[in-house]
Protein chains: 2
Amino acid sequence: MAVTIKDVARLANVSPSTVSRVISNSSRISDATKNVVYAAMEELNYKPNAIARNLANASTKTLGLIIPNKEENLFKNPFFIQAMRGISIYSQKKNYKIMFNYSSNPEDELSFVREFVHSKWVDGIILLTANEDDLCIDYLNEQAFPFVVIGRPFNLHDIMWVDNDNFQATYHLVNKLIQKGCQDIAFIGGPSRRIFSKDRLEGYKRAIDLRNLTLDEALIVETNDFTDENGYQAMKEICKHKIPDAVVTTDDLLAFGVLKYIREHDYKIKVTGFNNTPLSEYQMPALTSVDIKAEDLGYNAAKLLIRHLEGRDSPVNHFIVGTELIERQSTK
Amino acid sequence: MAVTIKDVARLANVSPSTVSRVISNSSRISDATKNVVYAAMEELNYKPNAIARNLANASTKTLGLIIPNKEENLFKNPFFIQAMRGISIYSQKKNYKIMFNYSSNPEDELSFVREFVHSKWVDGIILLTANEDDLCIDYLNEQAFPFVVIGRPFNLHDIMWVDNDNFQATYHLVNKLIQKGCQDIAFIGGPSRRIFSKDRLEGYKRAIDLRNLTLDEALIVETNDFTDENGYQAMKEICKHKIPDAVVTTDDLLAFGVLKYIREHDYKIKVTGFNNTPLSEYQMPALTSVDIKAEDLGYNAAKLLIRHLEGRDSPVNHFIVGTELIERQSTK
DNA sequence: CTGAAAGCGCTTACAG
DNA sequence: CTGAAAGCGCTTACAG
């Protein structure tokens, strides 16, 4: 059997209560006793049983994570692994552990969340995406269970979240293209059930607007999925109407399809992607892309949540992570 | 306060013991009582407290995972996320949870393993890589703690592991190249502290040997890291000696560097990679690569471990996952 | 088939 | 500053 607090107490000639207090470094224990206890722990190679502590403390110092498996581009887009890394780094600092689950569909996602919540396995949950009418968010709110969302939720009751300023990112980007002399700037975006898709489109529209260019709806395509094929088709569609001099996309995969179309037709069009995936620098030409700093998103999500769990809430319940435009040949 | 087994017992007019037995669906409980208890659980919306169960059962139904963070190509190579997905899928089936940690160096890795072991947080551990003189493996062995390794360990005491047949993979590949008429086949591999590097080199040598080609040591380069730069330099080195008609590499990133060198010099050389990363199909030309089926590796690792934990050991303590050669333009 | 009791290994309010 | 005792919410050998 493993050595317990009782064994330590016996050897140190104190009560288990005292040992417990030494471990948690709590209250007023004399240095003398502390040292005896430390020595005993050392000698017996004692390690606290985390599970027993969890039960007594009604807390696990563990965060739950749901990874949406449906994401086709889970492997091509390093977003999730980067975010997880950021989460992990902050959590480790604060001695929190992480538990995760892949979900293959929204129903699974909800049931994993429920399981996390009522089994008492985790102290808080990090949602890696925010959807319109997000069932998990609704449920967690209803249960008043601590959680944070990566991605600004549609409906911010009193929710903690972290996100980029997606509006600003495309606004800035489009401005830059206009400065370079582009007039006809097309936009290929994602499904509007994702709020970042909406925000990015808005940023684009605003920039066009403020620069007194005319907004040409035929230059805007909203796709269902982030695939090269969709990018390719969207580009084909747009070009039937008019050959733009720049194309802004909201995902690198879309941009890859666009580049392919452009190569085939030997057009000279500036193209930008989003997410700065590793693939982008290998494109022909290398793709300019907006880096969304996924690791920072994860890091700050963990930070907001853990601070909340420790009762040290930040003055604001959300955090904006800056994006960075990585310029490569495709906008030269 | 959350509802406990006692509340259910009270409502159902039975003892807590009985409720507990109904939950675990154990022993002989009459259907009548079962139904009363189920009804009570339903009414109170009772959910067992997992932590309390863990403590009483001395088991958490949780697996621990260490993700080596040092891997430069964590994002470019989807190995880890794919393996995690495989692990997760099998675990979910068996109602096991997963806990993970990123480690930034081997010392961290060991200390996370220790923490997993002695805190009783997890029932078993999955190591995502096997190194020569692997400290974690030694420690886990010493502690007789259940674990499985992805990657055949150098020193197989009585260790559970899953791996590809790396020898076979390159052997087969080189044979194929020879059949296509290649004579001077170069090899660019990784550091020999990884056993898969060794195995792949052996497979290459054997194929050359059996086909009665002469093994030219100057056509073999072992690099320290899997980077395009290393691939590029290695290729440069090799070409000083002789222009080969094919190059076998043990990682896609190496192959990317090789392709770059070849493009620059406009050589006509067949090239193969390893891991079939998403990047490979975007290369110019698209890269032929060996898919190592990382998800299957993870799945079977979890399977071996969980079966072991449940006392249903497989007759063999390891499992070989087949590779698949994905042929693209680079070997046309 | 079911219950009372002890136990899993901690923590902590209470008392001294 | 320290201890005895009760408690966290389950499980299970023992007894009936």
Using whole Å, what does the distance between atom [atom2] of nucleotide [N] and atom [atom1] of [X] come to?
X        : N      : atom1 : atom2 : answer
B/Leu55  : D/dC8  : CG    : P     : 14 Å
B/Ile51  : C/dC10 : CD1   : P     : 15 Å
B/Ile5   : D/dG9  : CD1   : C1'   : 7 Å
B/Asn57  : C/dG9  : CG    : P     : 13 Å
B/Met41  : D/dG9  : CE    : C1'   : 15 Å
B/Arg53  : D/dC8  : CZ    : C1'   : 16 Å
A/Lys120 : C/dC10 : NZ    : P     : 22 Å
B/Trp121 : C/dC10 : CH2   : P     : 14 Å

Which heavy atom in B/Phe154 sits nearest to a heavy atom in B/Arg194, and how many Å separate them?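 Minimum heavy-atom contact is CZ-C, 3.9 Å.
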
For A/Asn35, side chain to side chain contact (heavy atoms under 4.5 Å, CB included) partners two or more places apart: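 If we apply the side chain to side chain contact (heavy atoms under 4.5 Å, CB included) test to A/Asn35, skipping adjacent residues, the hits are A/Tyr38.
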
N/O donor to acceptor pairs below 3.5 angstrom from side-chain atoms of residues 110-118 of chain B, sequence neighbours left out:
{"residue": "B/Ser111", "atom": "OG", "partner": "B/Asp108", "partner atom": "O", "Å": "3.0"}
{"residue": "B/His118", "atom": "ND1", "partner": "B/Arg114", "partner atom": "O", "Å": "3.0"}

Under 3.5 Å, N/O pairs linking protein and nucleotides 3-6 of chain C:
{"residue": "C/dG3", "atom": "OP2", "partner": "B/Ser15", "partner atom": "N", "Å": "3.0"}
{"residue": "C/dG3", "atom": "OP2", "partner": "B/Ser15", "partner atom": "OG", "Å": "3.2"}
{"residue": "C/dG3", "atom": "OP2", "partner": "B/Thr18", "partner atom": "OG1", "Å": "2.4"}
{"residue": "C/dG3", "atom": "N7", "partner": "B/Arg21", "partner atom": "NH1", "Å": "3.2"}
{"residue": "C/dG3", "atom": "O6", "partner": "B/Arg21", "partner atom": "NH2", "Å": "2.5"}
{"residue": "C/dA4", "atom": "N7", "partner": "B/Ser17", "partner atom": "OG", "Å": "3.3"}
{"residue": "C/dA4", "atom": "N6", "partner": "B/Ser17", "partner atom": "OG", "Å": "2.8"}

Report the residue (A/Lys6 or A/Ala56) whose heavy-atom-nearest nucleotide on DNA chain C is the more 5′ of the two.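 With A/Lys6 and A/Ala56 compared, the 5'-side residue is A/Lys6.
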
Would you say the side-chain atoms of B/Thr33 and B/Ser30 include a donor-acceptor pair closer than 3.5 Å?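 A donor-acceptor contact under 3.5 Å links the two side chains.
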
Set of residues satisfying side-chain hydrogen bond (donor to acceptor under 3.5 Å, both in side chains) with respect to [X], sequence neighbours excluded:
X        : result
A/Asp123 : A/Ser59, A/Thr60
B/Thr18  : B/Ser15
B/Lys303 : none
B/Arg53  : none

Extract all donor-acceptor atom pairs below 3.5 Å that involve side chains of residues 94-101 of chain B and protein atoms in other chains or at least two apart in sequence.
{"residue": "B/Lys97", "atom": "NZ", "partner": "B/Asn95", "partner atom": "O", "Å": "3.3"}
{"residue": "B/Asn101", "atom": "OD1", "partner": "A/Gln92", "partner atom": "NE2", "Å": "2.9"}

Can you tell me if the side-chain N/O atoms of B/Thr4 get under 4.0 Å from OP1 or OP2 in D/dG9?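 Result: no.
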
Within the structure, does a side-chain N or O atom of A/Asn54 lie under 4.0 Å from either OP1 or OP2 of D/dG9?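 Checking D/dG9 against A/Asn54, no side-chain N or O comes under 4.0 Å of OP1 or OP2.
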
Taking only the P atom of each, what is the distance from C/dT2 to C/dA6 in whole angstrom?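 After rounding to an integer number of Å, I get 23 Å for this pair.
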
Determine the Euclidean distance between corresponding C1' atoms of C/dT12 and C/dG16; express it in Å to zero decimal places.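 It comes out at 16 Å once rounded to the nearest Å.
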
Once Watson-Crick and G-U wobble pairs under 3.5 Å are found, how is DNA chain D written in dot-bracket notation, 5' to 3', with | for any base paired to another strand? |||.||||||||.|||

